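These numbers come from a predicted model, not from an experiment.
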Amino acid sequence: MRLNGSGMSAFGLAVSALHCVIDVDLNVNAESRVQIVAPPSFRKESGYNHTQAHFGWFPSNSFLEHTVYYVDDFMCDSYVSDQHIQDHAWPKYFDSVAEEYSPPKAPFILMIDRGNCNFVQKVRNAQHAGATAVLIVDNICLCSSGSRCTSANDAACESLEPEMGDDGSGGDIVIPSLMILKEDGDALKAAMKAGTFIRTKLSWTGPNKDHVDYELWTSPNIAFDGETSMERDFANFAKALGNSVTFTPHVYISDGEASGCLDSYGRDICGKMCTNHGRYCAQSTYDPTGTISGADVITESLRWICIWRERGEDGTGLAWWKYVQEFLRTCTGESFANDECITNAMKSAGINRGAIDDCMSHSGGVEAHVENIILRDEMHLAHRKGVYMTPKLFISHMPYRVRPTAGEAFETICAQFSAGSQPEACLRCTRERDFAPCFDRANEGGGEIPADTLLEPDSAPPAQKSVSHATFFVSVIALVGTLSAAGVIYHQRARRNMQTQVRGILSEYMLLDNSNDNHDASLEAVAFPPSADAGAGSVRLGQLG
């Protein structure tokens with residue numbers, strides 16, 4: 001079945017809304033695997049190396065297995081017809097019933113080359129064409145591939161695997177998509193163009209880690225939003241997780257040159273919105289005091305990254321979290337860029353300000369008409385990962401789609417660990433959305449979680465279990481029966497009440513009607529007496545007196 005663009009978009013919006021309702025983003029818990037099932041000669045023992053998109057839906061503990069069709073087109077047009085798919089898909093599909101070549105019959109997986117447009121556009125078009133999943137083939141070789149691979153157009157090799165970022169519009173994508181290496185894709189494409197049908201299995205398993213990585217994209221802008229946020233409250237959580245996790249913070253920087261703040265003549269058009277002569281700009285800031293500029297936000301953003309670079313060697317980021325928490329608590333409003341407030345926040349976190357100032361200066365500073373290498377790298381990395389809004393949290397390299405509180409982020413991180421490898425805080429701290437007593441006492445005790453705030457291991461909350469089909473259907477039938485019985489009782493009661501009301505109205509009407517009939521008869525007897533011929537008992541008008 002194929003859906004037109006508007007129908008598929010509506011369905012995508014519905015699924016996107018569902019993602020926002022559930023607590024834990026399905027992407028976060030999914031570990032993916034790509035394997036060729038047939039022909040056996042293409043099978044790899046450990047599966048195919050790949051990266052997973054930062055958009056779409058990847059349900060854990062599930063798989064799909066279908067035939068792959070390679071489309072020798074970049075799938076960048078706004079509308080892709082069935083005929084277009086038929087003309088460009090390999091191997092050619094022959095419909096034995098219709099006795100003619102036709103587009104691939106669903107379900108199928110589409111393989112598409114990287115290039116000419118963004119990943120979201122390609123996957124969206126494949127989704128509209130009826131694909132159940134998409135495999136993107138990279139067009140640039142990894143440097144580690146050596147002579148086994150030749151990049152398209154003799155492009156230079158890449159040292160890191162590219163990431164399939166979201167351009168900010170991928171909320172309507174409801175199918176999974178992954179990217180495989182160029183040398184692997186080239187071999188598969190050649191086989192398909194030669195007429196070989198290739199069956200591929202894509203699978204996702206639940207979390208199975210003994211160490212979890214997470215990164216947070218943020219901005220000092222959050223000082224003005226007034227909302228509860230992970231940045232304000234996560235310091236104790238970070239300490240409780242300890243060395244079982246590795247944390248990396250990033251800041252979002254807008255590209256001033258792409259926004260026109262640095263024009264073709266090298267002029268700074270946007271003034272105090274940006275630093276470095278219009279190169280690096282901040283997202284719009286609502287500052288009721290009117291004293292904070294975009295340049296102030298970029299300067300503080302640079303300070304946050306320098307603090308991480310100087311004090312983030314432990315991987316837990318405790319000094320960073322403490323500084324950010326103290327800064328957001330005390331340096332708001334007119335104190336946002338206040339030098340004394342910033343110094344006091346650093347002292348509170350145990351940070352040497354001199355080292356941070358040196359880092360900011362040596363990276364290029366914020367005043368001169370030059371690049372700042374830290375801000376430049378943050379800006380390019382955000383584009384590569386598809387980060388276009390903040391805050392944005394990645395756990396195990398997959399995006400958490402809603403803005404998490406500190407407690408929600410903690411629980412989702414804990415859910416990534418395999419059985420037996422969870423940190424003690426994940427296993428034994430209470431799960432009542434109020435972690436403060438456990439963490440506060442743990443910090444007072446030098447990191448040990450005190451016994452009076454722990455759950456015994458045997459009494460720790462069990463993992464959520466799925467409901468069986470039988471239990472589900474019995475529950476539905478019982479609910480329907482209960483509602484039906486209540487409906488019948490309500491209907492009968494309403495009917496009796498209505499009958500009583502109708503009888504009352506009719507009885508009153510009949511009494512009134514009988515009274516009026518008697519009154520009218522009396523008037524007629526007076527006004528129109530019977531004639532003499534009517535009998536001896538007749539009364540003439542002249543006899544009234």
K.L.:
Could you check whether Asp184 pairs with Lys44 (Lys NZ or Arg NE/NH1/NH2 to Asp/Glu carboxylate O, under 4.0 Å)?
P.N.:
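So Asp184 pairs with Lys44 through a salt bridge.
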K.L.:
Enumerate the residue pairs fulfilling ring pair (Phe, Tyr, Trp, His ring centres under 6.0 Å) with a member in residues 67-87, sequence neighbours excluded, ordered by first and then second residue.
P.N.:
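Sorted result for residues 67-87: His84-His88.
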K.L.:
Quick one, Gln52 and Met164 - any side-chain contact, counting heavy atoms below 4.5 Å?
P.N.:
no
K.L.:
Using every non-hydrogen atom in the two residues, find where Val68 and Pro91 come nearest and quote the distance to one decimal.
P.N.:
O-CD, 4.2 Å
K.L.:
Going by salt bridge (Lys or Arg N to Asp or Glu O under 4.0 Å), name the residues that satisfy it together with Asp87, two or more places apart in sequence or in a different chain.
P.N.:
none
K.L.:
Which heavy atom of Trp204 sits nearest to which heavy atom of Leu178, and what is that distance?
P.N.:
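That closest heavy-atom pairing would be CZ2-CD1, 4.5 Å.
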K.L.:
For the side chain of Gln83 and the backbone of Ser81, is there at least one donor-acceptor N/O pair under 3.5 Å apart?
P.N.:
no
K.L.:
Do Thr67 and Ile198 make a side-chain contact, defined as non-hydrogen atoms from C-beta onward lying under 4.5 Å apart?
P.N.:
no
K.L.:
Under 3.5 Å, is there a donor-acceptor pair between the side chain of Thr196 and the main chain of Met192?
P.N.:
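It does not hold such a pair.
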K.L.:
Could you state the interatomic distance from SG (Cys76) to CD (Gln121), rounded to the nearest 0.5 Å?
P.N.:
6.5 Å
K.L.:
Using a 6.0 Å distance limit plus a 45 degree cone around the ring axis, check whether Lys92 lies over the aromatic ring of Tyr101.
P.N.:
no
K.L.:
What residues form a side-chain hydrogen bond (donor to acceptor under 3.5 Å, both in side chains) with His66, not counting sequence neighbours?
P.N.:
none
K.L.:
Pro391 versus Glu231: any side-chain heavy-atom pair under 4.5 Å?
P.N.:
yes
K.L.:
Please determine whether side chain to side chain contact (heavy atoms under 4.5 Å, CB included) holds for the pair Val120 and Asp166, giving the CA-CA distance in whole Å, both sets of side-chain angles, and the decisive distance to 0.1 Å.
P.N.:
CA-CA 6 Å; Val120 172; Asp166 187 348; 3.7 Å; yes
K.L.:
Please report the closest heavy-atom contact between Gly115 and Asn139, naming both atoms and the distance.
P.N.:
CA-ND2, 4.1 Å
K.L.:
Residues in salt bridge (Lys or Arg N to Asp or Glu O under 4.0 Å) with Asp138, at least two apart?
P.N.:
Arg114
K.L.:
Measure the CZ-CD distance between Arg43 and Glu45 for me, rounded to the nearest 0.5 Å.
P.N.:
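Here the rounded value is 6.5 Å.
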K.L.:
Indicate yes or no for a side-chain donor-acceptor contact from Glu378 to the backbone of Val251 under 3.5 Å, with no hydrogens or angles considered.
P.N.:
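Yes; judged by distance alone, with no hydrogens or angles, the pair exists.
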K.L.:
Check Cys117 against Met75 and note the closest heavy-atom contact, atom names and distance.
P.N.:
SG-O, 4.2 Å
K.L.:
Working note: Ile413 + Leu241, criterion side chain to side chain contact (heavy atoms under 4.5 Å, CB included); need CA distance, chi angles, decisive distance, verdict.
P.N.:
CA-CA 9 Å; Ile413 291 170; Leu241 288 169; 4.2 Å; yes
K.L.:
Could you check whether Lys122 makes a cation-pi contact with Phe119, meaning its NZ or CZ is under 6.0 Å from the centre of the six-membered ring and within 45° of the ring axis?
P.N.:
no
K.L.:
Run the side-chain contact (heavy atoms from CB on, under 4.5 Å) test against Ala382 and tell me which residues pass, sequence neighbours left out.
P.N.:
Trp217, Tyr252, Val387
K.L.:
Parallel, tilted or perpendicular: which describes the rings of Trp320 and Trp304, with under 30° parallel and over 60° perpendicular?
P.N.:
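Answer is perpendicular, since the angle exceeds 60°.
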K.L.:
Under the side chain to side chain contact (heavy atoms under 4.5 Å, CB included) rule, what do Phe417 and Asp210 come out as? Steps first, then yes or no, please.
P.N.:
CA-CA 6 Å; Phe417 290 97; Asp210 56 13; 5.6 Å; no
K.L.:
Looking at CD of Gln325 and CZ of Arg232, how far apart are the two atoms once the value is rounded to the nearest 0.5 Å?
P.N.:
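The CZ atom of Arg232 is 10.5 Å from CD of Gln325, to the nearest 0.5 Å.
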K.L.:
Going by heavy atoms in the side chains, are Trp57 and Ile175 under 4.5 Å from each other?
P.N.:
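Heavy-atom side-chain distance check fails, nothing below 4.5 Å.
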K.L.:
Are any side-chain N or O atoms of His54 and backbone N or O atoms of Lys385, one a donor and one an acceptor, separated by less than 3.5 Å?
P.N.:
yes
K.L.:
Where is the tightest heavy-atom contact between Leu64 and Pro176, given as atom of each residue plus distance?
P.N.:
CD2-CG, 4.2 Å
K.L.:
Only counting residues at least two apart or in another chain, list the ones meeting side-chain hydrogen bond (donor to acceptor under 3.5 Å, both in side chains) with Thr246.
P.N.:
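In terms of side-chain hydrogen bond (donor to acceptor under 3.5 Å, both in side chains), with neighbours along the sequence ignored, Thr246 is linked to His211.
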K.L.:
Report yes if some heavy atom in the side chain of Ser102 is under 4.5 Å from a heavy atom in the side chain of Tyr93; otherwise report no.
P.N.:
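In short, these two side chains touch, coming nearer than 4.5 Å.
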K.L.:
If you round to the nearest 0.5 Å, how far is OG1 of Thr218 from CG of Leu328?
P.N.:
7.5 Å
K.L.:
My understanding is that only residues two or more places apart in sequence, or in another chain, count here; which of them pass side-chain contact (heavy atoms from CB on, under 4.5 Å) with Arg384?
P.N.:
Leu160, Glu163, Leu381
K.L.:
With the threshold set at 4.0 Å, does a side-chain nitrogen-carboxylate oxygen contact exist between Asp113 and Lys189?
P.N.:
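Salt bridge between Asp113 and Lys189, a charged N being under 4.0 Å from a carboxylate O: yes.
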K.L.:
Taking side-chain contact (heavy atoms from CB on, under 4.5 Å) as the test, write out the residues that go with Val97, two or more places apart.
P.N.:
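Scan of Val97 (side-chain contact (heavy atoms from CB on, under 4.5 Å), adjacent residues dropped) gives Asp95.
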K.L.:
Supply the atom-to-atom distance Ser177 OG to Ile136 CD1, rounded to the nearest 0.5 angstrom.
P.N.:
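These two atoms lie 6.5 Å from each other.
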K.L.:
Identify, with sequence neighbours excluded, every residue that meets ring pair (Phe, Tyr, Trp, His ring centres under 6.0 Å) alongside Trp308.
P.N.:
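Testing Trp308 for ring pair (Phe, Tyr, Trp, His ring centres under 6.0 Å), a comparison that skips the adjacent residues, returns Phe247.
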K.L.:
So does Glu408 get a backbone contact from the side chain of Thr405, meaning a donor-acceptor N/O pair under 3.5 Å?
P.N.:
yes
K.L.:
Taking the side chain as everything from C-beta on, heavy atoms only, tell me whether Leu202 gets closer than 4.5 Å to Leu135.
P.N.:
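When only atoms from C-beta onward are counted, Leu135 and Leu202 do touch, with a gap below 4.5 Å.
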K.L.:
Holding to salt bridge (Lys or Arg N to Asp or Glu O under 4.0 Å), I want the full list of residues that pass it with Lys392, two or more places apart in sequence or in another chain.
P.N.:
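Partners of Lys392 by the salt bridge (Lys or Arg N to Asp or Glu O under 4.0 Å) criterion come out as none, since no residue qualifies.
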K.L.:
Tell me every residue that passes side-chain hydrogen bond (donor to acceptor under 3.5 Å, both in side chains) with Arg199, counting only those two or more places apart in sequence or in another chain.
P.N.:
Glu65
K.L.:
Begin from the C-alpha positions of Asn49 and Glu161 and carry the test side-chain hydrogen bond (donor to acceptor under 3.5 Å, both in side chains) through to its verdict.
P.N.:
CA-CA 10 Å; Asn49 194 3; Glu161 293 182 15; 2.9 Å; yes
K.L.:
Would you say His128 and Val80 make side-chain contact, with heavy atoms under 4.5 Å?
P.N.:
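With C-beta onward as the side chain, the pair stays apart.
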K.L.:
Could you go step by step and tell me if Ser396 and Val212 meet the side chain to side chain contact (heavy atoms under 4.5 Å, CB included) rule?
P.N.:
CA-CA 6 Å; Ser396 298; Val212 175; 3.9 Å; yes
K.L.:
Lys322: which residues meet the salt bridge (Lys or Arg N to Asp or Glu O under 4.0 Å) condition with it, sequence neighbours left out?
P.N.:
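Testing Lys322 for salt bridge (Lys or Arg N to Asp or Glu O under 4.0 Å), a comparison that skips the adjacent residues, returns none.
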K.L.:
Does Tyr214 reach the side chain of His397, with side-chain heavy atoms less than 4.5 Å apart?
P.N.:
no
K.L.:
Once rounded to the nearest 0.5 Å, what's the spacing between atom CE of Met111 and atom OG1 of Thr200?
P.N.:
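Taking CE in Met111 and OG1 in Thr200, the distance rounds to 6.5 Å.
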K.L.:
Can you name the nearest heavy-atom pair linking Ala409 to Leu393, along with the distance?
P.N.:
CB-CD2, 3.9 Å
